[in-house]
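For reference, the structure is listed below as structure tokens.
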There are 2 protein chains.
Amino acid sequence: MTTIKDVAHHAEVSVATVSRVINRNGYVNEDTRKKVEAAVDLLNYKPNSVARSLFKKQSKTIGIIVPDITNPYFPELVRGVEDYLIQKGFTTILCNSDEDPEKERLYLDVMKQKYVDGAIIVSNTIERDLIAEYDMPVVALDRSIHQDIPTFAIDNRSGGRKAAEHLLEVGCTRIGHIKGPDKVENSDNRYLGYIDVIKQQDWFLSSYVVEGNFDQKEAAKVTKELLQSHPEIDGIFAGNDVMALGALKAAESLNLNVPEDLAIIGFDGIDLTEMTKPELSTLSQPIYQMSREAAEALTALIEGKMVKEKENVFPSTLIKRQSTKR
Amino acid sequence: MTTIKDVAHHAEVSVATVSRVINRNGYVNEDTRKKVEAAVDLLNYKPNSVARSLFKKQSKTIGIIVPDITNPYFPELVRGVEDYLIQKGFTTILCNSDEDPEKERLYLDVMKQKYVDGAIIVSNTIERDLIAEYDMPVVALDRSIHQDIPTFAIDNRSGGRKAAEHLLEVGCTRIGHIKGPDKVENSDNRYLGYIDVIKQQDWFLSSYVVEGNFDQKEAAKVTKELLQSHPEIDGIFAGNDVMALGALKAAESLNLNVPEDLAIIGFDGIDLTEMTKPELSTLSQPIYQMSREAAEALTALIEGKMVKEKENVFPSTLIKRQSTKR
DNA sequence: CTGTTAGCGCCTTCAA
DNA sequence: TTGAAGGCGCTAACAG
């Protein structure tokens with residue numbers, strides 16, 4: 001590895017001068033600049049970012065904490081972040097928390113020790129006070145953490161409403177909901193959106209709502225039970241696409257045709273929804289866009305700019321596909 | 001951030017002593033050790049890894065280069081790597097190369113500058129000579145780079161054979177193949193496996209093989225064409241699961257029933273294959289296991305241990321599901 | 001416009 | 001068994 005000293009030697013100047021030209025700050029004579037640049041090229045010099053970090057107390061790297069990259073919602077999210085950051089000169093560290101506060105803390109510790117410049121966090125469990133301990137710029141993605149922390153998330157409630165309304169529009173007369181876990185804002189708000197429109201229906205029963213834990217298998221199980229105890233249900237709004245898939249499986253196992261006997265709509269808009277048969281209607285999130293903007297906000301924060309909008313809510317858009325076509 | 005100096009002050013010893021206790025090397029009196037440890041706890045001292053890196057010229061972080069985390073094959077791969085490494089005290093940097101040599105080079109540059117300890121690379125295009133320039137431990141995952149570089153990959157050819165054999169076993173009489181891109185070892189070898197068993201069939205025609213570029217849409221298109229020009233085909237082996245999905249779509253658009261009219265089998269064993277209807281048969285790769293072992297080998301390399309096996313070939317296992325049941 | 005120097009926080013000889 | 005000091009590579013005063 002060639003160092004700034006080597007370059008200085010070669011160009012017959014001091015390291016300070018070399019530093020000046022590579023950082024383009026401070027005055028430096030045109031000729032000596034050329035000499036230095038020549039030496040840099042010749043030696044293929046690349047500044048050592050570790051030394052730089054030590055001095056500047058920042059590392060041009062950020063961490064992203066997601067529950068599990070293996071969950072189909074997250075790869076695109078991470079990609080949006082990484083794409084933006086690399087092009088801004090940042091490198092991104094991937095952290096899989098499994099929603100375990102223990103692990104979240106561990107990752108935060110590591111980040112702090114490495115002078116990570118900031119973090120993008122997807123978490124239900126993390127506390128604002130914990131984050132405050134680390135004293136680094138943080139942005140919340142997909143779910144909020146605290147009103148003080150800039151958040152980038154979807155408008156769940158209006159999405160839930162759109163889903164229920166769509167089901168009504170295509171002629172469903174009894175609509176059930178497969179809800180995500182309780183006390184999780186994403187699932188609670190989607191549920192509330194559903195309630196907003198369904199509560200006016202005289203047929204509504206609270207037993208039309210069951211809990212699927214955002215999990216395909218669990219959703220398949222509870223949907224089957226729901227459909228067995230309420231055979232009159234002809235439309236289902238699942239709290240996310242993965243559960244919609246479970247619902248599809250359940251319908252299949254009961255020999256119900258989708259969409260003829262049962263219309264199904266999901267939430268998220270992951271690629272998977274295009275791969276099923278029938279293809280799934282869903283409320284699509286601008287995942288890439290959202291994560292990109294979160295990354296943008298984080299870099300702004302890092303550069304000391306105040307972020308004006310704390311609360312960045314994105315609209316979901318209804319994608320009508322075969323599973324609700326009738 | 002509290003530093004080693006603070007601790008030294010508090011414990012009324014020199015920084016050298018503190019360093020000795022936190023690194024457990026060199027002699028240190030039992031009593032002074034206790035004093036130091038108390039101070040460490042009290043101040044909640046965490047050594048600054050950047051300073052450490054500068055001195056040691058290593059950073060306890062590794063980079064993983066994958067084409068695109070958004071491709072459903074990679075999240076599990078990355079997870080396997082990250083899981084192993086975090087527990088060994090390493091942090092992992094995610095890099096999406098899009099198979100672009102330019103980007104690969106960029107990422108490698110960044111890694112070098114950050115004293116990254118090693119890299120796990122998934123790439124078809126990268127050259128051994130390029131890697132040699134960077135002089136860091138490297139392990140190849142999913143596809144080989146060069147015989148000098150430890151590789152962790154699936155036995156594609158025998159997998160291809162198993163796929164073709166299975167199709168024969170379930171009674172297919174004309175079997176087509178949707179191949180991945182040319183000159184890419186994974187697709188070429190899967191194709192060769194198919195050829196190994198199919199070439200003995202007197203009905204075999206080279207036009208039974210078409211190219212789907214490992215892409216769902218492309219695969220759907222070429223499969224449709226294949227099926228139209230060769231309606232006698234009643235079995236398809238797709239070079240990966242994503243293309244198998246495309247084939248499924250093609251069958252659907254042609255009103256062919258799977259598996260009755262057309263049996264389909266994929267390759268990889270990604271979760272998606274369980275989510276389609278019918279569920280897809282496939283040759284499943286031990287993705288998690290493979291990536292974990294790759295990570296293990298990389299850490300061994302980093303610790304200066306020689307890795308005995310350069311070539312680590314994993315078997316694929318046949319998963320029979322509805323798409324080939326008849 | 002350029003060079004000297006003092007750190008950034010840590011580790012490791014070298015003496016004591 | 002412990003401390004002093006130099007240095008990892010770079011940057012930012014401060015002089016000149």
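Keep in mind that what you see is a predicted model, and the values were worked out from it rather than measured. Only heavy atoms go into these numbers, but all of them, side chains included; no hydrogens, no water, no symmetry mates.
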To the nearest 0.5 angstrom, please state how far the [atom1] atom of [X] sits from the [atom2] atom of [Y].
X: B/Asn48; Y: B/Leu54; atom1: CG; atom2: CG; answer: 10.0 Å
X: A/Glu185; Y: A/Thr151; atom1: CD; atom2: OG1; answer: 8.0 Å
X: A/Phe152; Y: A/Ile287; atom1: CZ; atom2: CD1; answer: 16.0 Å

Measure the shortest side-chain to side-chain distance between [X] and [Y] over non-hydrogen atoms and say whether it is less than 4.5 angstrom.
X: B/Lys88; Y: B/Ile302; value: no
X: A/Ser291; Y: A/Leu77; value: yes
X: A/Ile65; Y: A/Leu108; value: yes

**Asked** Around atom NZ of B/Lys5, are there more than 12 heavy atoms of other residues, nucleotides or ligands at under 6.0 Å?
**Response**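 It does not: B/Lys5 NZ has 12 such atoms or fewer within range.
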[X] side-chain N/O to [Y] backbone N/O, donor-acceptor pair under 3.5 Å:
X: A/Ser97; Y: A/Lys103; value: no
X: B/Ser19; Y: B/Val15; value: no
X: B/Asp117; Y: B/Ile62; value: no
X: A/Asp68; Y: A/Asp98; value: no

**Message:** Between A/Ser19 and B/Arg33, which residue's closest nucleotide on DNA chain D lies nearer the 5′ terminus?
**Reply:**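 Its nearest nucleotide lies further toward 5', so the answer is B/Arg33.
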**Sequence neighbours excluded, every pair satisfying salt bridge (charged side-chain N to carboxylate O under 4.0 Å, His left out) that has a member inside residues 142-151 of chain B** =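 Applying salt bridge (charged side-chain N to carboxylate O under 4.0 Å, His left out) to every pair that reaches into residues 142-151 of chain B, excluding sequence neighbours, yields B/Glu99-B/Arg143, B/Arg128-B/Asp148.
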**Request:** Write down the distance between CD (B/Glu12) and C1' (D/dG3), rounded to a whole number of angstrom.
**Result:**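 Between C1' of D/dG3 and CD of B/Glu12: 15 Å.
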**Outermost DNA chain C nucleotides near chain A [under 4.0 Å, heavy atoms]** =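 Result: C/dC1 to C/dG9.
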Quiz: residues 35-46 of chain B side-chain donor-acceptor pairs under 3.5 angstrom, not counting sequence neighbours:
| from | atom 1 | to | atom 2 | distance (Å) |
| --- | --- | --- | --- | --- |
| B/Asn44 | OD1 | B/Lys46 | NZ | 3.0 |

**Message:** Measuring to OP1 and OP2 of D/dT2, would you say a side-chain N or O of B/Thr32 lies under 4.0 angstrom away?
**Reply:**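 Answer is yes, contact under 4.0 Å.
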**Prompt:** End-to-end bend of the helix from C/dC1-D/dG16 to C/dA16-D/dT1 (five-pair axes, 10° rounding)?
**Reply:**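 End-to-end axis angle for the helix from C/dC1-D/dG16 to C/dA16-D/dT1: 50°, rounded to 10°.
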**Prompt:** For DNA chain D, which residues in residues 22-31 of chain B have a heavy atom at a distance below 4.0 Å?
**Reply:**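 Within residues 22-31 of chain B, the residues near DNA chain D are B/Tyr27, B/Val28, B/Asn29.
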Nucleotides 6-9 of chain D: which of its N/O atoms have a protein N/O under 3.5 Å away?
| from | atom 1 | to | atom 2 | distance (Å) |
| --- | --- | --- | --- | --- |
| D/dC8 | O3' | B/Lys57 | NZ | 2.7 |
| D/dG9 | OP1 | B/Lys57 | NZ | 2.8 |
| D/dG9 | N2 | A/Ala51 | O | 3.3 |

